[in-house]
Amino acid sequence: MEHVGKLTSWWSGNNTIKDEVIPKDHVKIIVTIFMARQLKSVDVGGRSCPYASVQFREDSTILKQYKTQYYIKTISPVWNEYFTFSAPKKKSTDQNSGLNIDVQIFSSEVFYKTKTRITAPEGTPLGKISVPLFQALDQGILWYKLTDVIPDTGQVQIEVSSSISSLQLPHMSTSTLSNPPSPSHFSTKLQWKTQPNDFVVHFDRMGGTFLAAKTVLSRKVTVRGSYPVYRVTMFAIDSIFKDRFQPWNKQYDKAQKIFGDTTQAVLVRNAIIAEHKMLYSTLQMSSGRLFNGEQFLNLINNGIRRGRRRLFTYVLLDQKLYFSETSASFFKDFLSKHSVHSNAREKVRYAGEFFVLDYKDGADGEVKYKLIIDNNSGTYAPVVEDLKLLEQAFRYNFPGINMEALDYKSEKEKEYKVKLKEGLNGSPLIGGEEEEECLEEEEEQKMN
């Protein structure tokens, strides 16, 4: 007997998996596929449209098969989907039973035809795993390396459980929390939230009508590719920040041109509001749910796109976190990237930039990732004292996140940015003018 569904809440004794009647001599098997990372990119834009096919197999006979939903333009999908079946109790722990769990990941080639669950094995293979049931059963949430893929890259995170009581979402498993929150992180007494953080990723190929037109007409360059903008639901922000807001910076010239009392400022605000609406309502998008800090970092591919590190601009409001790459060319000619994300609000909870630092940890040299977030916003000039509230909000919403909140003027952040140049393939952090230069170099290489 089979049941499929989407994990929608933190584990609290109840879950979306329903009790089912199974034979007395059988045991229920729950296969949960959480996410994948570092998948092979097969699309022109350096992304894939991945979905997973999960099979329960006895020797060469497929007993059950299940396919997840797909996500557009990502190499770090977050599925959080489960599928159940029953197996004879004796066979479930017998190493000679021939029972196996197979997971194969594909890049969909039919995403433009339908947004429903894929029912045909179409797409480009991105790798697979095959695990004997007795080996995986009740071993917790584990990462498995994908095989049969060139180049050799990609991992998938799954759990195989024999009962509902053993099912845990990733953020509630202490084995997967490399940096669990401690009571000292929380100055406000909060109840654990009971739902994950929804996210939506929008892709705007033209960078917005207003900005694209301005870029093309004034700078005579081509608007290249598509850039993602992110919108993530946040919880307990009002409880954490209370009466603390960051108003627009009256000492900042560009902010005065946006929030001033002049007719020109009104026109600029209207343009910014229109741009925000356009960026966050495009049709091309993917969506899902985040259960922990690792999944948040996977959402942005650990801060890397096209093999280069990216700097992100963010704005935190009462219920949403809005952000995009700082260097995205469609923001380049606007007075304030933060004002676009905030929808021209005169005050926000917090604003700044963030990037992801990677480093090797332990004797085995395992690569780990840390989010470095700051208060670098001329438009809102957030006070340093509230960085602790920002960190608290992130740790609450993304349990286990490996992060550090710093003043953007601090020597420590400057040191981190220097270390980035020693990281992945020696690629530097991309932001500001460097983005245009890199894109122009890429375009020239394609033409030659």
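Just so you know, these numbers come straight off a predicted model, no measurement behind them. Note that these values count all heavy atoms, side chains included, but never hydrogens, waters or copies made by symmetry.
- Here the CZ atom belonging to Arg349 is positioned 3.5 Å from the CZ atom belonging to Phe245, to the nearest 0.5 angstrom.
- Atom NE2 of His276 is separated from atom CD1 of Ile272 by 11.5 Å, given to the nearest 0.5 angstrom.
- In terms of heavy atoms, Thr233 sits closest to Asn397 at O-OD1, 4.4 Å.
- The backbone N or O of Leu126 sits nowhere less than 3.5 Å from a side-chain atom of Ser107 that would complete a donor-acceptor pair.
- Under the 4.5 Å side-chain criterion, counting only non-hydrogen atoms from C-beta, Arg310 is not in contact with Ile300.
- Rounding to the nearest 0.5 angstrom, the gap separating the CG atom in Leu316 from the OG atom in Ser342 is 11.5 Å.
- Between Tyr416 and Phe355, the ring center distance fails the sub-6.0 Å criterion.
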Working note: Asn301 + Thr74, criterion side-chain contact (heavy atoms from CB on, under 4.5 Å); need CA distance, chi angles, decisive distance, verdict.
CA-CA 8 Å; Asn301 195 34; Thr74 181; over 6 Å; no

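- Atom NZ of Lys320 is surrounded by more than 12 heavy atoms from other residues, nucleotides or ligands within 6.0 Å.
- Here the CD1-OG1 distance, from Ile33 to Thr68, works out to 6.0 Å after rounding to the nearest 0.5 Å.
- No side-chain heavy atom of Leu279 sits less than 4.5 Å from a side-chain heavy atom of His202.
- For the pair Val232/Phe323, a side-chain contact is recorded, criterion being any heavy-atom separation below 4.5 Å from C-beta on.
- The existence of a salt bridge linking Glu385 and Arg244 is excluded, since no basic side-chain nitrogen approaches an acidic carboxylate oxygen closer than 4.0 Å.
- Closest of all the heavy-atom pairs between Ser377 and Pro382 is O-CD, 3.7 Å.
- Counting heavy atoms of neighbouring residues, nucleotides and ligands inside a 6.0 Å radius, atom NZ of Lys409 does not exceed 12 of them.
- Closest heavy-atom contact between Leu406 and Ile372: CD1-CG2, 4.0 Å.
- Here the shortest heavy-atom pairing between Asp386 and Gln246 reads OD2-NE2, 2.9 Å.
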Does the side-chain contact (heavy atoms from CB on, under 4.5 Å) test come out yes or no for Tyr322 and His338, once each step is laid out?
CA-CA 9 Å; Tyr322 294 91; His338 287 109; over 6 Å; no

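- Of the possible donor and acceptor atoms, one in the side chain of Asn402 sits under 3.5 Å from a partner among the backbone N and O of Tyr369.
- Looking only at side-chain heavy atoms (C-beta outward), Asn375 and Asp407 come within less than 4.5 Å of each other.
- Between the side chain of Asn343 and the backbone N or O of Arg345, no donor-acceptor pair lies under 3.5 Å.
- Not one N or O on the side chain of Arg37 forms a donor-acceptor pair closer than 3.5 Å with the backbone of Asn302.
- Residues Gln295 and Leu299 have side chains not in contact (no heavy-atom distance under 4.5 Å, counting atoms from C-beta outward).
- You'll find the ring centres of Phe291 and Phe34 outside the 6.0 Å limit.
- Between atom CG of residue Asp318 and atom OG of residue Ser239 there is a gap of 10.0 Å, rounded to the nearest 0.5 Å.
- Expressed to the nearest 0.5 Å, how far CD of Glu391 lies from OH of Tyr350 amounts to 11.0 Å.
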Assess the residue pair Leu317 and Ile237 against the criterion (side-chain contact (heavy atoms from CB on, under 4.5 Å)); give the C-alpha distance rounded to whole Å, side-chain angles, the decisive distance to 0.1 Å, and a yes or no.
CA-CA 8 Å; Leu317 304 179; Ile237 300 303; over 6 Å; no

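- At a threshold of 4.5 Å between non-hydrogen side-chain atoms, the residues Glu294 and Gln157 count as touching.
- Counting heavy atoms from C-beta outward, Tyr144 and Ile101 have side chains that stay 4.5 Å or more apart.
- Of all heavy-atom pairs spanning Leu39 and Pro50, the tightest one is CD1-CB, 3.8 Å.
- Under the 3.5 Å distance criterion, the side-chain polar atoms of Thr326 are matched with a main-chain donor or acceptor of Thr313.
- A distance-only check finds no donor-acceptor pair linking the side chain of Arg289 to the backbone of Val78 [under 3.5 Å].
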Under the criterion side-chain contact (heavy atoms from CB on, under 4.5 Å), I'd like the reasoning laid out for Glu81 against Tyr66: C-alpha separation, chi angles, the key distance, then a yes or no.
CA-CA 10 Å; Glu81 296 188 42; Tyr66 166 66; 2.3 Å; yes

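- Ionic pairing of Lys414 and Glu411 is present here: one or more N-O contacts between side-chain nitrogen and carboxylate oxygen are shorter than 4.0 angstrom.
- In this structure the side chain of Thr262 never reaches within 4.5 angstrom of the side chain of Gln256, judged on heavy atoms.
- When every heavy atom of Gln135 is checked against every heavy atom of Gln139, the shortest pair comes out as O-CG, 3.1 Å.
- Under the ring-ring contact (aromatic ring centres under 6.0 Å, His included) criterion, Tyr380 pairs with no residue at all, not counting sequence neighbours.
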